[in-house]
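Below, chain A is the first sequence line, B the second, and so on; all start at residue 1.
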Amino acid sequence: AQSVTQLGSHVSVSEGALVLLRCNYSSSVPPYLFWYVQYPNQGLQLLLKYTSAATLVKGINGFEAEFKKSETSFHLTKPSAHMSDAAEYFCAVSSPDIGNKLVFGAGTILRVKS
Amino acid sequence: GAGVSQSPRYKVAKRGQDVALRCDPISGHVSLFWYQQALGQGPEFLTYFQNEAQLDKSGLPSDRFFAERPEGSVSTLKIQRTQQEDSAVYLCASSTRGLAGVTGELFFGEGSRLTVL
């Protein structure tokens, strides 16, 4: 069965510092992988997705993620954190053998310090 | 509307009451999903519609949960005889693609927060 593990329920970085949010997945078939962001009192918004094309995926707001099959990872990074990046981030996996529905991780709350 | 609209945004129910949560997807979107998000957890799949057909309801936690989308547009999630463990945010999402085309983006509503006392 597909599952997602997000290491660290809370991550705190200084403004301008590197953002690294970790995601490891489990899937018996080649997966599709996603990162969503949820700002306070707003709906989930797609940041980026991996669908078996390029392993390095660029998303909105300067975020990117790299699919590493050998490590079953899909970590999210941003070179320089901005105050507006403070939000909760969810990694999700999907694949045809589960009807292509999304299976989400528990989420990581990103705090950006000034 | 421009996005997925859910109502009510907040609902407080006494244990044993029935509740109905509404989702108005983006116009023309074929697929509609319901997710349940408990406090401190990620969203968990409840059910999926393609147009008016409910193709997957494997995530519904009990027979107290019922969802419908009779005309292939607006959907209602109904919870009968609510219990405290039903307290959660219920998210609705829609997509242009059917279930086989997951690479289409899911657009989420802001959710309906249900509190059962």
Measure across A/Val57 and A/Lys49 and return the closest heavy-atom pair with its distance rounded to 0.1 Å.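 Looks like CG1-O, 3.1 Å.
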
So, for B/Val12 and B/Gln17, which heavy atoms are closest and what is the spacing to 0.1 Å?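 Heavy-atom minimum between the residues: O-OE1, 4.5 Å.
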
Partner chain B: residue of A/Leu44, A/Ile109, A/Leu46, A/Val4 with the largest heavy-atom pair count (under 4.5 Å):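 Most pairs with chain B among the choices: A/Leu44.
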
Kindly assign one of parallel, tilted or perpendicular to the pair [X] and [Y], based on the angle between their ring planes and the thresholds 30° and 60°.
X: B/Tyr48; Y: B/Phe33; result: tilted
X: A/Tyr89; Y: A/Phe63; result: tilted
X: B/Tyr35; Y: B/Phe108; result: tilted

Do the side chains of [X] and [Y] get close enough for a salt bridge, i.e. N-O under 4.0 angstrom?
X: B/Arg64; Y: B/Asp18; answer: no
X: B/Arg69; Y: B/Glu52; answer: no
X: A/Lys78; Y: A/Asp85; answer: yes

Under a 4.5 Å heavy-atom cut-off, does chain A meet the side chain of B/Phe107, its backbone, both or neither?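 B/Phe107 has no heavy atom closer than 4.5 Å to chain A.
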
Let me know if B/Gln37 has heavy atoms under 4.5 Å from chain A in its side chain, its backbone, both or neither.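 Only the side chain of B/Gln37 comes within 4.5 Å of chain A.
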
Contact part of A/Gln38 toward chain B, heavy-atom cut-off under 4.5 Å: side chain, backbone, both or neither?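 Looking at A/Gln38, just its side chain touches chain B.
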
What residues of residues 109-116 of chain B make heavy-atom contacts with chain A at a cutoff under 4.5 angstrom?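 B/Gly109, B/Glu110, listed by number.
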
